[in-house]
Amino acid sequence: MDGPLALPVLPPAPPGAEGQPAATPNTAAPRRARLIASGLVLLALWYGAYRGIAPLADFLTYRFLPLTRESHLAAAVAFFLYEVPKVLLLLVLVVFGVGVVRSFFTPERTRRILAGKRESLGNLLASLLGVVTPFCSCSAVPMFIGFVTAGVPLGVTFSFLVSAPMVNEVALALLFGLFGWKVAALYAGTGLLVAFASGWVIGRLKLEKWVEPWVYAIPAAEGDGSADRLSWDDRIDAGTGAVREIVGKVWPYVMAGIAVGAGIHGWVPTNFMAGVMGKQAWWSVPLAVLIGIPMYSNAAGIIPIVQALLGKGAALGTVLAFMMSVIGLSLPEMVILRKVLKPALLVTFASIVGLGILVVGYLFNLVL
Amino acid sequence: MKNVKVYGPGCQKCHLTEERVRKVVKEGSLDANVEKVSDFAEMAAAGVLSTPAVSVDGVVKMAGRVPTEDEIRAWLG
């Protein structure tokens, strides 16, 4: 599907899309060369489009719609027209890349890696694998059972369950697009830390007694390995499939979130949030976490709003804590997990993760 | 007579998978019995880690996504 347009620029390949060794000398070589070539063309088109957004948004705001500079409306419109295409483009690239990477990490494989691992190392691996293993909250229960019955320690399983939803590609793409790579890296790093630490604590507490007893009565089933043999074509299909599915689902939230963010950006006075979500307000971090835990929104809807708040005087730690609790812990997931966890364990789980997020929030408000 | 099971707790993708499997069976007048499994214990016992998943005669063919009609036809053909 090479585009008909001429190449605008030859980019120093941005992160993502492909990374294959040089073609091997066999019949697959021309195919592979073609694959790499079309990948490069698409990447170049992507890069050209990405570079073109800022001038285009500027043109549309101030020439096409003759809005006066410095007006509230112009600020909001320019923000919207710039951020929406930028975030969507980033989302496509990151989701595609992660989709391809994830085709290497099936849940079955992750389980094989984690089964029988010692606790500390297991917690670390589980947090990291949570990022690259395909996960949706409707699979949380089968995965929990599959892990636990295969001999993955309870705490290690929890590390996975915390990191999988919290550190996800949509959140990272949006953070990267709206806040820059430093905040994205900070979020990923602290998210992994919270997942590691809360899983480790739950493991120390020996809470197996609070898992519904029928779970341990299920005989361990060996996962089927049929999905493991994939060609590069299959993996690229997995990437485009992920783009269709995830970006297709998430784009209205991105638009809505950025629209609200644009409104805040244009009309809310600077420093408006300082009193409520600023560093001085010590109570703002726990409040942000308490409000965030039951809230259910995906990263796509919440991050643009949060970014706008940050511009109006909210503190980064408070904002990070709010984001983590909204994305990482949600009421629907708790309701699903209730099928396998007794209420006491659910509450302990939410409290420990909430506490970890709290620490992250205070830490950043203190340091930055 | 093939025994097809669609595993899923009731998310949108699971419904879609079940619908698609039933459609393929009906259109091809295939000799297959389609069953939806939403019990977690049964899922775990079958070795299903991510949903939706499809098994044919006890063998898990696919998990974690919605299959295409062609895929389903290939499993049942």
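First the proteins, then the strands, lettered A, B, ... as listed; each starts at 1.
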**OP:** Report the option among A/Ile218, A/Val215, A/Ile145 that has the most heavy-atom pairs separated by less than 4.5 Å from atoms of chain B.
**Re:** A/Ile218
**OP:** Measure A/Pro134 against the heavy atoms of chain B and call it side chain, backbone, both or neither at under 4.5 Å.
**Re:** neither
Subject >> Rounded distance [0.5 Å steps], CE in A/Met143 versus CE in B/Met43 >> reply: 12.5 Å
Subject >> B/Glu69 atom CD, over 12 foreign heavy atoms within 6.0 Å >> reply: yes
Original post:
Can you check whether B/Thr51's main-chain N or O pairs, donor with acceptor, with A/Ser139's side chain at less than 3.5 Å?
Top reply: yes
**OP:** Rounded to the nearest 0.5 Å, what's the gap from CG on B/Leu49 to CZ on A/Arg109? Could you check?
**Re:** 14.5 Å
Original post:
Is A/Lys342 atom NZ crowded by more than 12 heavy atoms from other residues, nucleotides or ligands, each under 6.0 Å away?
Top reply: yes
**OP:** Check whether any side-chain heavy atom of B/Arg65 lies under 4.5 Å from a side-chain heavy atom of A/Glu245, and answer yes or no.
**Re:** no
**OP:** Take atom CH2 of A/Trp200 as the centre, draw a 6.0 Å sphere, and report whether it contains more than 12 heavy atoms from other residues, nucleotides or ligands.
**Re:** no
